[in-house]
Structure formats: C-alpha cells, structure tokens
Asker: 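Would you mind keeping the following structure in view while I ask a few things?
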Amino acid sequence: MRPKLSVSERSSRRVVITGIGLITPYAVGREQSWQNLVSGKSTTCLLDDLSNQLNRPVAGGVIPDQQLSSTSPLNQIPFQTEPSITLALKATEEAIQDADLDLNQISRESTGCVIGSSKGGMASFAQMAELPHMSLEDQKQVPSDFWLQCFPNAASQSVAKHYDLRGAALAPVSACATGFSSIMRAADLIRDGVCDTVFAGGADASLLPAVLGSFQRMGVLATDFQSSHEACRPYDRRRNGFVVGEGAGILVLESLEHAINRNSVPYAEWLTGGLGSDSTHLMQFDVSAKSLAKLITGILDRARISPSEIDYINMHGTGTQINDLYETRAIKNAMGAVSHSVSCSSLKGGMGHLLGAAGSVELAFTLLAMRDNLVPPTVNLENPDPECNLNYTPLKAEPKEIKKAMKLSFGFGGHLVAGLIRKWDPSS
C-alpha cells in the first residue's frame, strides 16, 4: 500500500507520478508484466516469418495477449490502425485508471500529453507501400487521411483527440531514449505551469522486416545463441547484441498541488532530469564515457543528492559490447567507490529492447520496484564480463528498500538522458 497523502501540504510546481499503464512482451497490463519480470522469466522468442524474410534467425519480443493480436505487424490486414497508436491508447487507458483520474473533474485545457516514438508509424509506412499494388476498388476504401498514421506524432495526437485534451500535445524523438525524454519533457510542462496533468511516455511497434533488417546490417542484433530466451545477455562476457521488442509505457504526471486537491497517492516524485549527447559515432560512444559521467554528476548536484543516497539504478543495458561497458564506466567515474554497492539492473535481457518505448516502460518498472521494495533482475547474466563489475542483480530479484532511484536511457546518434525519482513520502 502506498502511504496516504497529507492534504495539508501545498506546493504547486513539484511533479509527482500517480498512474502507470504498461503493455510489454511480458503481458498486456501493468501488474502481470511486473510479476513476470521479477520472476526472472525471459519472453524473447524467434519470429519465424520475419526470419524467413531476412534469411537469418531473428529474436524478438512479441506481445502475447490475444486481445492485441491484431496490432502485431505479423498479422496485419491492409490499412488497419497503426499498431503503435493502439498500444499507446491502451496503455494510457490503464494509466488513467491506475491514477483514479476522473476526466470529468479535471480541466482539459491544462491536461496534455507527451508521447513519442523512435520511428513513427513504420507499420503504416509498410502498408502504404502496398497501395500501388492494390486494385482501384481496394484503393478507394483506404481513408484519405491514412497517411497521417505514419507521422511520429500520430500516437500523441490520437491520445489527445481520444480524451479531448486541450493542453500541450508533443512528440519528442530521440531514438531509443525517446520514452524517457518524453517523461522529462512532461515534467517540464508541469513545472513551467503549462499543464497540471500530462500523460507521457512512449509506444513502439517495430517488429518489421525493414527495421530488423536495418539493425541487422548495423550489427547490433543478438546472434549466436542456443535458445531465443537467452539471446540478449546484458553485461555478460558472451553478449553480442540486443533483441527487438514492442510495447508501450504511459505514466500520469501531475503537479503536487493537483494531486493533493484530488486526494491522490503518488508512486513517486520526479526530482530532476538531464539531457546530454555523445556525438562520437552513430552507433558508438567515447570510451572514456565523459559525457554520460558529467550528465550523471550534473543531475545529482541539481537534486542535492549524494551518490550514496541512490538505492537503485535502472540501466539502459542493451547487451551490446560497447553500450554496456560505456554505461558501467560512466557510473564508476561519476559515483566513485559507491558505484560498486548500489543495486543496478537492465531489463532488456528478459523483454527485449522496446526502442522508443524502452525508457518509459523501464521507468514504470522502476516505480513498481520502489512500491514493492524489490530490485528487478538482469536476466541472462550468467558469466559477468570482468570489465562490467557493478552489482547488476543477476538472474534473481532482490528485496531492498528503494527510496531514490536513477534511470538512464541512450539512443543511436548519441542521445543521453538521465533522471532521478524519489519514492513518495508525505512528510517530505
């Protein structure tokens, strides 16, 4: 149970998180996704149809619930709704319910949404490519505005339209850091007084031959695995790439005053976040990890939090050789000797890399870890790389009180995002 919120507190521009909506390769829904994650399961599997088209084995996370089977690009019929839009709408619905938010009792003018996607409607692009090959009669049945689903802002616009939101509607794009940078932008809207409530996060449905083929040519997909469940191995000496998954993570952010006025009980308070870049290379980082270390130090200084106060770091941890070592070095450089005692984990070994949705889904899991005082495991970490020597919580979840947590997200092209949250305490 979350502690009750004292209605005697008054602070208008502090930001709290009050609702979580999740659709992941683990399950459709927040609680089932969380339970499967902390059990140490892996849900990655082979996508046979895509493997045949790409002429090689491909591992990927697939949303398992039948109620969303129509959103899978593997089962598409011509010109259906963009899957990432469906994912965003369903996750937003759950987040609103979790926050116990009565939309008839809030101002639509001060309610906004910040929902990003790393690539936009790729499934819709694929459908549009089929248009010239269709009969004239079939072409006439395609809605004239269907092409708008291809835009990166399609999910954000759809959520704003569905709920008649009249506040800011934004769609950040920062590659695989998109989901987390969307959360940070939403917090800024509340702190700046633009909105009182924001639905924020990311949605991604990229299990498509064109996307997976591109990652294959970049050399970042997992290879050489005996079982698809073991394909992605963050921080393991055998790691050689990530697994693509799809899903959505949407959070409800509110000003503290707004939450107090409706007697809500937050999960956590958003403390601060920061953006950085490492423009060394499209797919590589500076081996010294100076940019990320500086970013981590900066957010700790702004929040006036010492490294020893951090109870958990939710890592980006893709399972590539470069990323995992870079992230490890940055944490050690920024936090010193404390870095070896803080609990860390990457969630991608079990559910894959959700690309534009990864950051918001992983932050949502971090909130649930705070709620349940349980550090989620790094799945498939059986043979640690000697150079990756932090406490990554291998294989099994660990009980631990988590009062303050850090989240890290990166993206191809050098996008860096870091943020801090604090478990809600009505006395703080």
Side-chain angles (χ1 to χ4, degrees), residues 1-5 15-38 63-68 70-71 81 83-108 110-115 155-167 169 179 182-183 186-187 190 195-203 247-256 258-270 354 357 360-372 421 423-424:
M1 294 290 293
R2 287 177 270 168
K4 289 295 184 181
L5 178 66
V15 180
V16 292
I17 303 171
T18 57
I20 299 172
L22 280 176
I23 299 176
T24 74
Y26 281 118
V28 176
R30 176 187 61 256
E31 298 303 329
Q32 190 61 53
S33 289
W34 171 240
Q35 292 304 317
N36 287 336
L37 168 66
V38 297
I63 294 173
D65 197 287
Q66 292 302 312
Q67 64 180 299
L68 286 179
S70 63
T71 70
T81 301
S84 60
I85 294 176
T86 304
L87 296 174
L89 286 168
K90 192 164 186 65
T92 302
E93 179 184 17
E94 184 181 41
I96 292 171
Q97 292 174 351
D98 185 42
D100 196 23
L101 195 63
D102 185 347
L103 296 180
N104 294 319
Q105 299 297 318
I106 65 173
S107 168
R108 302 300 175 105
S110 63
T111 303
C113 62
V114 183
I115 301 174
S156 182
Q157 187 274 334
S158 297
V159 169
K161 180 179 179 181
H162 183 78
Y163 291 104
D164 189 25
L165 308 182
R166 300 163 203 164
S182 295
I183 301 294
I190 293 172
C195 294
D196 294 321
T197 306
V198 183
F199 308 146
I250 305 295
L251 305 181
V252 175
L253 281 71
E254 302 180 61
S255 70
L256 178 57
H258 191 270
I260 288 172
N261 288 340
R262 66 183 195 86
N263 202 28
S264 177
V265 182
Y267 283 95
E269 179 176 2
W270 172 268
L354 274 58
S360 58
V361 168
E362 292 163 5
L363 181 63
F365 281 134
T366 302
L367 293 165
L368 296 172
M370 279 185 160
R371 181 194 69 183
D372 292 352
I421 56 175
K423 188 174 184 177
W424 176 250

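We count residues from 1, following the sequence as given.
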Asker: Would you call Glu254 and Ile106 a side-chain contact if the rule is heavy atoms closer than 4.5 Å?
Answerer: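 Glu254 vs Ile106: side chains apart.
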Asker: Could you tell me the separation between the OG1 atom of Thr18 and the CD1 atom of Ile96, rounded to the nearest 0.5 Å?
Answerer: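 If we round to the nearest 0.5 Å, Thr18:OG1 and Ile96:CD1 are 10.0 Å apart.
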Asker: Please evaluate residues Phe199 and Leu165 with respect to the criterion side chain to side chain contact (heavy atoms under 4.5 Å, CB included), reporting the C-alpha separation (whole Å), side-chain torsions for both, the decisive distance (0.1 Å), and the verdict.
Answerer: CA-CA 10 Å; Phe199 308 146; Leu165 308 182; 3.8 Å; yes
Asker: Please give me the minimum heavy-atom distance between Ala203 and Ser84, naming the atom from each residue.
Answerer: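 That closest heavy-atom pairing would be CB-O, 3.5 Å.
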Asker: Does the Ser182 side chain pair with the main chain of Gly202, one donor and one acceptor, at a distance under 3.5 Å?
Answerer: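 Such a contact is absent between Ser182 side chain and Gly202 backbone.
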Asker: Please step through side chain to side chain contact (heavy atoms under 4.5 Å, CB included) for the pair Arg262 and Leu101, ending with a clear verdict.
Answerer: CA-CA 9 Å; Arg262 66 183 195 86; Leu101 195 63; 3.4 Å; yes
Asker: What heavy-atom pair brings Cys113 and Val159 nearest, and what distance separates the two atoms?
Answerer: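 The pair with the smallest heavy-atom distance is CB-CG1, 4.4 Å.
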Asker: For His258 and Val16, what are the C-alpha separation, side-chain angles and deciding distance, and is it a side chain to side chain contact (heavy atoms under 4.5 Å, CB included)?
Answerer: CA-CA 10 Å; His258 191 270; Val16 292; over 6 Å; no
Asker: Could you tell me if the side chain of Trp34 sits less than 4.5 Å from the side chain of Asp372, heavy atoms only?
Answerer: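 Touching, per the 4.5 Å side-chain cut-off.
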Asker: Please, which pairs that meet salt bridge (charged side-chain N to carboxylate O under 4.0 Å, His left out) have at least one residue in residues 24-33, sequence neighbours excluded?
Answerer: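 The answer is Arg30-Glu94, Arg30-Asp98, Glu31-Arg371.
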Asker: If we only count heavy atoms from C-beta on, is the Leu367 to Leu251 side-chain gap below 4.5 Å?
Answerer: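 Yes, side chains in contact.
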Asker: Working to the nearest 0.5 angstrom, can you tell me the gap between Ile20 CD1 and Ser33 OG?
Answerer: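 The CD1 atom of Ile20 sits 11.0 Å away from the OG atom of Ser33.
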Asker: How many angstroms lie between atom CD1 of Ile115 and atom CG of Leu87, to the nearest 0.5 angstrom?
Answerer: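 Going from CD1 on Ile115 over to CG on Leu87, the span is 11.5 Å.
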Asker: For the residue pair Thr86 and Ser158, establish whether any side-chain heavy-atom pair is separated by less than 4.5 Å.
Answerer: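 Heavy-atom side-chain distance check fails, nothing below 4.5 Å.
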Asker: Working to the nearest 0.5 Å, report the span between CG of Leu37 and OG1 of Thr24.
Answerer: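 Rounded to the nearest 0.5 Å, the CG-OG1 separation comes out at 8.0 Å.
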Asker: Going by the side-chain contact (heavy atoms from CB on, under 4.5 Å) test, name the single residue among Val198, Leu253, Ile421, Ile183 that passes it with Val15.
Answerer: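 Of Val198, Leu253, Ile421, Ile183, side-chain contact (heavy atoms from CB on, under 4.5 Å) with Val15 is met by Leu253 alone.
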Asker: Please report the shortest heavy-atom distance between Ala95 and Val252, naming the atom on each side.
Answerer: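 Heavy atoms of Ala95 and Val252 come nearest at O-CG2, 3.6 Å.
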Asker: Please give me the minimum heavy-atom distance between Ala248 and Ala91, naming the atom from each residue.
Answerer: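 In terms of heavy atoms, the two residues are closest at CB-CB, 3.9 Å.
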Asker: Looking at CZ of Phe365 and CG of Leu22, how far apart are the two atoms once the value is rounded to the nearest 0.5 Å?
Answerer: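 Going from CZ on Phe365 over to CG on Leu22, the span is 5.0 Å.
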Asker: Could you go through the side chain to side chain contact (heavy atoms under 4.5 Å, CB included) check for Tyr163 and Thr111 one step at a time?
Answerer: CA-CA 10 Å; Tyr163 291 104; Thr111 303; over 6 Å; no
Asker: Quick one: are Ile250 and Lys90 in side-chain contact, heavy atoms under 4.5 Å?
Answerer: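 When only atoms from C-beta onward are counted, Lys90 and Ile250 do not touch, as no gap falls below 4.5 Å.
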Asker: From Ser255 OG over to Asp196 CG, what is the distance, rounded to the nearest 0.5 angstrom?
Answerer: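 Ser255 atom OG to Asp196 atom CG measures 5.0 Å (nearest 0.5 Å).
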Asker: Please find the pair of heavy atoms, one from Gly249 and one from Ser360, that lie closest to each other, and give the distance.
Answerer: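 Heavy atoms of Gly249 and Ser360 come nearest at O-OG, 2.9 Å.
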Asker: Please determine which of Arg166, Lys161, His162 meets the side-chain hydrogen bond (donor to acceptor under 3.5 Å, both in side chains) test together with Asp164.
Answerer: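 Exactly one candidate clears the test, Arg166.
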